[in-house]
Amino acid sequence: MTNRQISKSANQQISTWIELEDRYTSGVYTKRPLVIVRGEGARVWDAQGRAYIDCVGGHGVANVGHCHPRVVAAIREQAEKLITCPESLYNDRRAELQAELVRIAPPGLERVFLCNSGTEAVEAAIKLARLSTGRPGIVAARNGFHGRTMGALSATWQPQYRQPFEPLLPGFVHVPYNDLAAMEEVLDENVAAVILEVVQGEGGVIVGDGDYLRGVQALCRERGALFIVDEVQTGFGRTGRLFACQHHGLQPDVLCLAKAIAGGIPMGAVLLGPRVGELPSRVHGSTFGGNPLACAAALAVVHVTEEEALPRRTAELGAYFLYRLREVDSPLIREVRGLGLMVGIELKRKAQPYLAALMERGVLALSAGPIVMRFLPPLVINRMELETVAEAVEEVLSSASKQVNK
Ligand SMILES: *Cc1c(COP(=O)(O)O)cnc(C)c1O
């Protein structure tokens, strides 16, 4: 076959995959016309063999990079030994992981509930907060995102995610983020917990203020509510500290983790402090929670994150990337903001066409709301790759602005 014939049949194969997914998928996702078949480090490859710098990073999952050899080896070894084991029995990998999570967590978090996703971590946090305090109320922030199951969705703010599914749970209120006075007003004796992100991710990469977050924590202590921090997106080095709480010396009562925790194997975790108190048995649980396969992957992620000093690396590279993007001179940019390698560019118009243009140039990035371009690269990305991303952004936003000026 000639090269042309090969590429023609490859193209047919690719359209078949796209057609199959389009025919059989639920329809709840919007998709880009790209079939990704392989990943390594900060890069992914499409079915035609074209490489992309991956600033989607599995939506903030691939912190240690795609297919990190240590994670792959841990999964392979564990898969040959034991894949499933419910929490009604003990397991070696689970025991080790629980101890490791407590060791690396902010001080005071001493027990662990394991589950399978971010929304499940938030569900557990909400349930346990109500159980522990005997109060119904949950306070969350505007622009906050906590997941899409009914409890977590009740804490999520975005009306377009909520409205089709109302009525949601009673007892939830939303207050402006970074506004301590607004928090003070709603925090009464009916409130079981406040749930906040340290940097709001889906809501547009909005960086939380340290004084605000510490102030909310103090108010929670004073008024008998639990302080839940949702680090599903900011955890495991993303913001330049192992946990974003550590930028501000926060000591949450409940810490929700997921996304990057197990290198791409589904997993969530809820870490609990002493103010949660003793929990009666059988009040909550999960069939897959704490399964040995996910625990083995997560142990590998913890070790890689520490051995490769990914938080420190992320702080340095993130500062460089932010600086570099702030240099981009484009009338389309309203603001560049972020922490570590969690970076957003707020535009004065819809982000989607510019994300598509980045893709053409070999860079995958995602949105955070309609007008923010978001970058969540694997933390193993190198400076040259980040420079390539910044140059692509520059090209896309300045060539676009030329068109606008015509
Ligand atoms: C992604 C996300 C969730 C939901 O996680 P899923 O695994 O998609 O259920 C919850 N909270 C935050 C902050 C997130 O970024």
- Answer yes or no: are there more than 12 heavy-atom neighbours, outside R312 itself, under 6.0 Å from its atom CZ? no
- Message: Would you say that L279 contacts L272 through its side chain, given a criterion of any heavy-atom pair below 4.5 Å between the two side chains?
- Response: yes
- Query: Taking the side chain as C-beta and beyond, is there a heavy-atom pair between L257 and L271 under 4.5 Å?
  - Reply: yes
- Task: Apply the side chain to side chain donor-acceptor pair (under 3.5 Å) test between Q233 and each candidate in E197, E202, H59; give the one that qualifies.
- Result: E202
- Any side-chain donor-acceptor pair under 3.5 Å between T305 and N63? no
- Query: Is R142 close enough and on-axis enough to W157, meaning under 6.0 Å and within 45°, for cation-pi?
  - Reply: no
- Within a strict 4.5 Å, meaning less than it, do heavy atoms of the L219 and F227 side chains meet? no
- Flag for E231-T234: side-chain donor and acceptor within less than 3.5 Å: yes
- Query: Under a 4.5 Å cut-off applied to non-hydrogen side-chain atoms, are V198 and T239 in contact?
  - Reply: no
- Task: For I261 and V301, run side-chain contact (heavy atoms from CB on, under 4.5 Å): C-alpha distance rounded to whole Å, both residues' side-chain angles, the deciding distance at 0.1 Å, then the answer.
- Result: CA-CA 7 Å; I261 188 171; V301 165; over 6 Å; no
- Message: What verdict does the side-chain hydrogen bond (donor to acceptor under 3.5 Å, both in side chains) test give for D329 and S398, after you've listed the backbone C-alpha separation in whole Å, the side-chain angles of each residue and the deciding distance to 0.1 Å?
- Response: CA-CA 7 Å; D329 181 24; S398 54; over 6 Å; no
- Item | R383 to Y320, cation-pi by 6.0 Å centre distance and 45° axis angle | yes
- Donor-acceptor pair between T119 and T149 side chains, under 3.5 angstrom: yes
- Task: Please say which of E308, E307, E306 ends up in a salt bridge (Lys or Arg N to Asp or Glu O under 4.0 Å) with R70.
- Result: E307
- Message: Could you check whether Q48 and N11, counting side-chain N and O atoms only, form a donor-acceptor pair closer than 3.5 Å?
- Response: yes
- Query: Under a 4.0 Å N-O cut-off, is there an ion pair linking D46 with R38?
  - Reply: no
- Near K348 NZ, under 6.0 Å, is it more than 12 heavy atoms from other residues, nucleotides or ligands? yes
- Under 4.5 Å between any side-chain heavy atoms of K31 and T25, yes or no? yes
- Query: Are there more than 12 heavy atoms of other residues, nucleotides or ligands under 6.0 Å from atom CD of E96?
  - Reply: yes
- Would S15 and Q12 count as a side-chain hydrogen bond (donor to acceptor under 3.5 Å, both in side chains) if you check the C-alpha gap in whole Å, the side-chain angles of each, and the deciding distance to 0.1 Å? CA-CA 5 Å; S15 354; Q12 276 163 355; over 6 Å; no
- Message: Do V372 and L347 have side chains that approach each other closer than 4.5 Å (heavy atoms only, starting at C-beta)?
- Response: no
- Task: Mark yes when over 12 heavy atoms from residues, nucleotides or ligands other than E278 sit less than 6.0 Å from its CD; otherwise mark no.
- Result: no
- In this structure, are over 12 heavy atoms from other groups packed under 6.0 Å from Y212 atom OH? yes
- Message: Using 30° and 60° as the class boundaries, would you call the ring planes of F113 and H284 parallel, tilted or perpendicular?
- Response: tilted
- Can you tell me if CZ on R50 sees more than 12 non-hydrogen neighbours from other groups inside 6.0 Å? yes
- Item | Any side-chain heavy-atom pair of F236 and K259 under 4.5 Å | no
- Message: What I want to find out is whether E184 reaches R223 closely enough, with some N-O distance under 4.0 Å, to be called a salt bridge.
- Response: yes
- Query: Salt bridge check: are R103 and E100 linked by an N-O gap of less than 4.0 Å?
  - Reply: yes
- Any side-chain heavy-atom pair of V205 and F375 under 4.5 Å: no
